[in-house]
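In what follows, chains are A, B, ... by sequence order, proteins preceding strands, each numbered from 1.
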There are 2 protein chains.
Amino acid sequence: MPAARRTPTGTHRTASESGAETRDRLQAAARACLRQDGIAGVSARAIARHGDLNQALVFYHFGSVDGLLQAVARTDAERRALLYAERLAGVKTLKDLVSVGHQIHQVEFAEGNTAVLAQLVAGAASSPELGAAVQDGMQAWTTLVEDALARVLADTPLGAVVPLADIAYAIASLFLGLELMGGVDGDSTRLDSLFTSLDAVSGLVDLLLHPPT
Amino acid sequence: MPAARRTPTGTHRTASESGAETRDRLQAAARACLRQDGIAGVSARAIARHGDLNQALVFYHFGSVDGLLQAVARTDAERRALLYAERLAGVKTLKDLVSVGHQIHQVEFAEGNTAVLAQLVAGAASSPELGAAVQDGMQAWTTLVEDALARVLADTPLGAVVPLADIAYAIASLFLGLELMGGVDGDSTRLDSLFTSLDAVSGLVDLLLHPPT
DNA sequence: GTCTATATTTAGATAGAC
DNA sequence: GTCTATCTAAATATAGAC
């Protein structure tokens with residue numbers, strides 16, 4: 001229990017303050033549950049266990065388990081959009097883009113955010129409402145990648161040959177798939193190796209696209 | 001009900017014949033359930049509905065719902081290994097490889113096999129046994145792609161720079177991720193566009209790797 | 001807002017008739 | 001092998017005390 005605070009109403013703390021904290025804890029618990037047990041292992045009781053919370057709070061604050069998952073999807077999409085926009089802003093070359101991708105990957109994978117997203121996407125198959133919530137987040141993601149690609153490949157032959165929207169979509173899909181694959185094997189070293197290779201190849205492609213006279 | 005057949009025992013049909021057919025129908029129903037409802041919507045009763053079968057048959061033939069899903073994973077892995085080995089055998093160039101990939105994609109996506117696999121992989125998070133069953137199938141997949149890549153990129157600089165195992169792993173992950181993404185949006189045209197671009201790029205890379213003197 | 005208790009539904013699994 | 005009936009456990013969701 002956090003320390004009580006004085007409020008204008010005279011109660012120990014405002015309803016909105018306390019409720020907001022509980023809602024945050026519920027979302028955090030839902031993320032932990034999705035990460036460890038997957039969408040198939042999610043239930044109000046399982047989530048409550050992960051956050052040492054009361055099961056009934058799920059329904060009071062979010063109406064249903066699905067409602068809580070939708071909230072997680074929307075909150076994460078917002079956070080992801082901010083993080084990616086900030087990091088991708090200064091990208092000028094393909095090598096830069098791969099480098100930023102590597103950085104984002106390390107943060108997001110370490111925190112398990114991509115695993116959560118992958119499980120939510122899988123869960124979208126059994127809930128149209130959850131599907132809608134997830135879709136918004138994916139679009140924000142692919143749009144940001146697409147904009148970065150547009151800057152990097154502008155005025156190059158590759159930009160004319162390849163539809164950027166498709167590449168962005170493929171990149172987002174690849175991250176999702178890698179996270180799912182990582183769940184079935186031990187992984188961990190594989191992704192770093194992959195990014196090292198991408199770094200080398202992207203450097204070569206940059207040279208091809210922008211020859212140093 | 002299929003037509004009864006005479007058997008040595010004098011019964012209408014042998015136990016093994018009938019049992020095998022029911023097991024097949026249960027697996028088919030489980031696939032349909034995974035495709036339409038996702039791993040979160042799977043239950044013995046839901047599966048039974050999809051195949052117009054009795055719920056108790058799941059437990060008689062496979063011991064548990066998880067057992068049935070494991071059987072689906074292993075059966076699909078076998079089928080996939082055969083299909084891929086056959087198609088990939090004659091691949092000599094990167095453009096060939098992309099073309100075969102496109103063909104396989106069209107068949108597998110149309111039948112929903114990749115969607116089933118994606119849901120099984122997501123479900124592996126809540127069942128180590130299912131995870132083990134799925135992992136075998138993924139390894140067979142990535143190994144076949146890796147062998148094809150080794151043939152295509154043999155004696156080229158790219159083969160030396162890029163660990164083939166990682167690329168194969170990434171390709172398998174990409175297919176999984178694309179299928180999951182396709183579940184949340186309308187998709188359908190996106191993949192064809194992506195393969196068209198890949199076809200163009202792979203042709204260029206082939207030219208770079210094997211210049212026509 | 002949070003807790004306990006509970007009503008209701010659904011899922012996993014088994015026993016026994018056929 | 002397949003079916004009906006049923007037991008048990010777990011899940012969703014709500015009511016009411018605090």
Side-chain angles (χ1 to χ4, degrees), chain A residues 1-5 7-27 29-30 33-34 37-71 123 126-127 129-130, chain B residues 1-5 7-27 29-30 33-34 37-71 123 126-127 129-130:
Chain A
M1 283 281 200
R5 280 170 260 168
T7 70
T9 65
T11 57
H12 287 296
R13 98 189 86 150
T14 62
S16 66
E17 269 177 349
S18 173
E21 186 190 328
T22 300
R23 277 189 289 277
D24 286 348
R25 289 184 60 196
L26 281 167
Q27 290 199 28
C33 192
L34 282 166
D37 309 333
I39 186 71
V42 164
S43 74
R45 283 174 162 81
I47 291 169
R49 268 192 299 276
H50 276 279
D52 200 26
L53 291 155
N54 190 295
Q55 168 262 152
L57 292 170
V58 171
F59 303 98
Y60 177 79
H61 286 287
F62 295 96
S64 65
V65 173
D66 203 68
L68 171 51
L69 296 183
Q70 291 168 36
S126 59
S127 162
E129 294 87 358
L130 181 55
Chain B
M1 283 277 205
R5 279 170 259 169
T7 70
T9 65
T11 58
H12 288 295
R13 94 187 90 150
T14 64
S16 67
E17 269 177 348
S18 174
E21 186 189 327
T22 300
R23 276 188 289 278
D24 287 348
R25 289 184 60 198
L26 281 167
Q27 291 200 28
C33 192
L34 282 166
D37 310 331
I39 187 69
V42 164
S43 73
R45 284 171 166 85
I47 292 170
R49 269 193 297 275
H50 275 279
D52 200 26
L53 291 156
N54 190 295
Q55 168 259 152
L57 291 170
V58 170
F59 303 98
Y60 178 79
H61 286 288
F62 295 96
S64 65
V65 173
D66 202 68
L68 170 52
L69 296 183
Q70 290 167 39
S126 58
S127 162
E129 295 87 357
L130 181 56

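Out of C/dC3, D/dT4, C/dG1, the shortest distance to the side chain of A/N54 is found at C/dC3. Closest to the side chain of B/Q55, out of D/dT14, D/dC3, C/dG12, is C/dG12. For B/T22, the side-chain atoms get nearest to D/dT2 when compared with the rest of C/dC3, D/dT2, C/dT2. Side-chain proximity of B/F59 to C/dG12, C/dT2, D/dG1: nearest is C/dG12.
Between A/L69 and A/L34 the shortest side-chain heavy-atom distance falls below 4.5 Å.
Rounding to the nearest 0.5 angstrom, the gap separating the SG atom in B/C33 from the CZ atom in B/R45 is 13.5 Å. The CD1 atom of A/I47 sits 14.0 Å away from atom CZ of A/R25, with the distance rounded to the nearest 0.5 Å. With values rounded to the nearest 0.5 angstrom, B/H50 atom NE2 is found 13.0 Å from B/L26 atom CG. Note that OG of A/S64 and CD of A/Q70 are 6.5 Å apart. Values are rounded to the nearest 0.5 Å. To the nearest 0.5 Å, atoms OG (A/S43) and CG (A/D37) are separated by 8.5 Å.
Of all non-hydrogen atoms in B/G41 and A/S126, the two that sit nearest each other are N-CB, 4.1 Å.
Of the residues in residues 62-70 of chain B, those placing a heavy atom less than 4.0 Å from an atom of DNA chain C are B/S64, B/V65, in numerical order. Against DNA chain C, the stretch residues 38-49 of chain B makes heavy-atom approaches under 4.0 Å through B/S43, B/A44, B/R45.
C/dG1 atom P lies 12 Å from atom CG of A/L26, rounded to whole Å. Protein atom OH of B/Y60 is 12 Å distant from nucleotide atom P of D/dC3, rounded to whole Å. The distance between atom CG of A/D24 and atom P of C/dG1, rounded to the nearest whole Å, is 13 Å.
Among residues at least two apart or in separate chains, side-chain hydrogen bond (donor to acceptor under 3.5 Å, both in side chains) pairs with a member in residues 54-63 of chain B are B/R23-B/H61.
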